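Bear in mind the structure is a predicted one, so any value in this text is a computation, not a measurement.
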Amino acid sequence: MAEAARRVGDEAFIAATERRFTTMFGVAPSVEEVRSWRRSWPALVEILRSAGLDAVHLLLEYSLPATGERVDALLLGRGAEGRLCAVAIELKQWTRAYLSPLRPGMVRIKECVVQHPARQVGGYVHYLQQWVSRDEFPLTVRGTVVLHDAPPELVTALRAPVEHGPARAYPVLGRDDLTPQPSAQALAQRLGCAELSPVGWDDIERFLQVEHRPSPALLARAGDVIEGRDAFALIGDQDLARQEVLHAVQAARERGTKSIVVVTGGPGTGKTVIACRLLGDVCQQPQGNPRLLSPSGTLTRQLRRTVGEHSRGLIATFLDRIPAGITDTSVVLLDEAHRARTYPDHQQDAFPVTLGNLVKRAAVTVLFLDERQIVRPTEGLTLQQLQQHAQDSGLCFAHIDLVSQFRCNGSRAYQQWVDDLFQPEGPASGWQGSDYDLAVAEDPEQLEQWVAEHIRGGRTARMTAGFCWTWNSPPTPPLLPEVEIPWEDPAGPRIWARPWNSRADEPAFDHPDVPARPFWATDNGGHDQVGCIYTAQGMEYAFNAVIMGGDLVRRGEQWIAHPEESQDSQLRGLPPHRYLRYALNTYRVLATRGSQGTRFYSTDAITQDYLQTLIRPNDR
């Protein structure tokens with residue numbers, strides 16, 4: 001601490017921290033983050049010195065690698081019981097904040113909505129207890145919120161919503177609480193550091209080098225939750241896929257063999273359900289060390305909500321980095337593997353580098369794959385690539401193909417019809433099925449009325465569209481009605497317009513009826529916005545309205561791509577022959593979100609006529 005007091009206000013120290021941050025995390029800190037360091041670090045050091053804690057070790061921006069989060073400050077010392085003690089500190093410079101009874105766990109700071117700081121620091125404490133502390137490395141963990149500029153009225157307001165929940169264990173301290181009154185010892189007590197004594201550098205090194213991996217208690221809890229959910233029950237070839245994976249896990253434990261297992265299947269064949277079921281299975285095994293990963297942040301958030309927030313770290317988004325704690329005992333379940341990033345800077349050879357390193361490190365890697373859901377040129381794996389990589393790397397390989405359909409009312413006929421419809425060329429057959437509610441809407445208002453009717457009936461229904469309209473809405477409501485479609489009815493020209501779904505990851509503070517992006521498909525109010533491919537992929541709802549834009553039109557017996565009609569910056573610069581694949585895959589995904597029924601509407605008159613010839617009015 002004494003060293004920190006000498007250096008923390010020095011610009012050379014800040015510059016060195018910026019360089020180290022960039023090296024560790026692969027991205028430079030934001031200007032706002034560096035500004036907060038300059039303001040908060042000297043204030044914190046002065047508070048700690050006033051509390052007589054000069055000899056306690058201070059870590060700044062301490063990383064929690066399994067979650068991708070960082071603790072603002074972590075104090076390390078020896079507790080009264082002789083164990084190493086870590087005190088997580090959440091630093092804020094707030095002088096004003098807005099709280100609402102509608103969102104008791106959240107706080108609005110200017111235009112930004114954030115988690116209540118007591119809940120935030122409670123998450124850090126839980127992580128350290130569940131991922132770091134264990135029998136061979138016992139650790140006492142506490143947490144405190146330090147609002148060094150906050151006046152008493154703000155502190156009182158922030159304490160109120162957490163005084164009866166688990167977050168009450170983490171004191172919220174404001175400006176008046178952070179002075180050494182009536183004594184330095186009293187301030188140390190308020191900070192949760194009263195009895196801390198110094199520890200040697202060997203203890204600090206041991207703490208910094210300890211492997212972050214899930215505790216048996218965390219695994220048992222997640223396993224019990226999954227075991228108790230009927231939604232994760234498997235039938236038919238789903239259970240065959242599960243048994244194949246468990247066989248590979250047993251071989252890894254008994255013989256040290258490493259494996260790649262690929263589970264392929266179209267939309268609705270149960271890939272995510274199998275992944276969750278396997279997560280529960282491995283959580284309950286001795287020495288289990290599983291991870292359920294997905295390139296989709298939307299799916300990650302939905303799964304965490306289902307299994308419980310304690311599953312953070314076990315269920316994570318896989319983008320650029322290998323999650324913490326994965327070893328040669330780990331079982332990695334990568335759902336939606338077709339969305340795994342393959343950016344050029346991630347791929348030196350034919351196989352993505354980051355994913356290759358993940359496979360190399362784990363004992364068993366299970367990839368859930370549907371090649372026809374690849375919707376960007378910067379993502380996507382194929383079964384052939386994975387099989388070749390296993391062969392080149394000397395890994396065992398197994399492939400299970402799921403056939404049974406559990407979405408779209410279990411209608412294999414509808415799934416096959418959609419697969420045929422979105423082939424690049426060739427005649428498509430008319431819809432002959434009777435086990436799925438399929439029709440073409442005459443106009444966008446009819447489409448919306450169909451959705452609203454199901455919502456009034458207590459069922460889930462959503463509208464989606466190709467990315468053919470601008471998306472400039474602010475992250476907070478009111479959202480702009482940017483999906484705008486002109487059409488003709490007998491009374492004359494009309495214009496239908498609705499907003500895209502929210503781009504925010506958290507619900508708007510004053511608009512709880514507008515769900516955040518990850519929960520657009522499931523939460524109340526989502527039917528009032530139009531979802532896009534990146535929001536809908538991986539999700540399902542009962543009734544599904546699909547708006548086809550001008551980027552994909554039918555001419556004769558082939559689909560024609562118009563990338564210039566797209567507003568997706570990842571795609572619109574592609575030549576038509578390349579764009580076609582992604583457009584076909586996009587609309588195939590959108591067309592398979594509904595478990596009970598789908599309505600199509602195309603803004604292109606010729607394509608609309610074509611769809612109506614395939615889906616005759618008497619089929620409605």
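- Panel note: side chain Arg190, backbone Thr179; a donor-acceptor pair is recorded below 3.5 Å.
- Counting heavy atoms from C-beta on, the side chains of Leu303 and Ser294 never come closer than 4.5 Å.
- Side chains of Tyr534 and Asp568: a donor on one and an acceptor on the other come within 3.5 Å.
- Checking side-chain atoms of Arg213 against main-chain N and O of Val132 turns up no donor-acceptor pair under 3.5 Å.
- Taking the six-membered ring where tryptophan is involved, the planes of His212 and Tyr62 are tilted, since the angle between them lies from 30° to 60°.
- With 3.5 Å as the limit, one finds a donor-acceptor pair spanning the side chains of Gln373 and Gln537.
- Using modelled atom types, one finds no donor on one side chain facing an acceptor on the other under 3.5 Å when comparing Asn501 with Arg503.
- Scored by the salt bridge (charged side-chain N to carboxylate O under 4.0 Å, His left out) test, Glu69 finds Arg312 as partners (sequence neighbours excluded).
- Distance alone, capped at 3.5 Å, places no donor-acceptor pair between the Thr535 side chain and the Gly531 backbone.
- Taking CG from Leu147 and CG from Leu178, the interatomic distance works out to 8.0 Å, rounded to the nearest 0.5 Å.
- Rounding to the nearest 0.5 angstrom, the gap separating the CD atom in Gln129 from the OG1 atom in Thr140 is 9.0 Å.
- The residues Arg341 and Asp320 are annotated as salt-bridged, a charged nitrogen and a carboxylate oxygen being separated by less than 4.0 angstrom.
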Q: Under the salt bridge (Lys or Arg N to Asp or Glu O under 4.0 Å) rule, what do Arg206 and Glu136 come out as? Steps first, then yes or no, please.
A: CA-CA 11 Å; Arg206 189 168 170 232; Glu136 68 272 23; over 6 Å; no

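- For residues 131-169, the ring pair (Phe, Tyr, Trp, His ring centres under 6.0 Å) pairs, not counting sequence neighbours, are Tyr127-Trp131.
- There is a side-chain donor-acceptor pair under 3.5 Å between Glu205 and Gln209.
- In this structure, CD in Glu11 is found 10.5 Å from OG1 in Thr17, a value given to the nearest 0.5 Å.
- For Gln302 and Thr522, the side-chain atoms include at least one donor-acceptor pair closer than 3.5 Å.
- No salt bridge links Glu379 with Arg376; every basic N to acidic carboxylate O contact stays at or beyond 4.0 Å.
- Here Asp203 pairs with Arg78 in a salt bridge; the nearest charged N to carboxylate O distance falls below 4.0 Å.
- When Arg39, Arg96, Lys92 are each tested for a side chain to side chain donor-acceptor pair (under 3.5 Å) with Asp149, only one passes: Arg39.
- Rounded to the nearest 0.5 angstrom, Trp471 CH2 and Ser569 OG are separated by 12.0 Å.
- Comment: Arg119 does not engage Glu309 in a salt bridge, judged by the lack of any side-chain N to carboxylate O separation of less than 4.0 angstrom.
- Of the listed residues (Asp177, Ile89, Leu48, Asp72), just one forms a side-chain contact (heavy atoms from CB on, under 4.5 Å) with Val146, and that residue is Ile89.
- Checked by atom type and distance alone, the side chain of Asn585 pairs as donor or acceptor with a backbone atom of Ile374 at under 3.5 Å.
- Proximity of the aromatic rings of Tyr124 and Tyr170 is defined here by a centroid distance below 6.0 angstrom, and this criterion is not met.
- Once rounded to the nearest 0.5 Å, the distance linking CZ of Phe351 with OG of Ser393 reads 7.5 Å.
- When only modelled atom types and interatomic distance are considered, Glu61 and Trp37 share a side-chain donor-acceptor pair under 3.5 Å.
- The ring of Phe207 has its center no closer than 6.0 angstrom to the ring center of Trp201.
- Side-chain atoms of Arg70 do not come within 3.5 Å of backbone N or O of Leu60 as any donor-acceptor pair.
- Between Leu358 atom CG and Leu367 atom CG the span is 8.5 Å, to the nearest 0.5 Å.
- Within the 3.5 Å criterion, the main-chain N or O of Leu480 finds a donor-acceptor partner in the side chain of Ser473.
- Of the possible donor and acceptor atoms, one in the side chain of Ser311 sits under 3.5 Å from a partner among the backbone N and O of Gly308.
- Side-chain atoms of Ser215 and Gln130 form a donor-acceptor pair, as typed in the model, at a separation below 3.5 Å.
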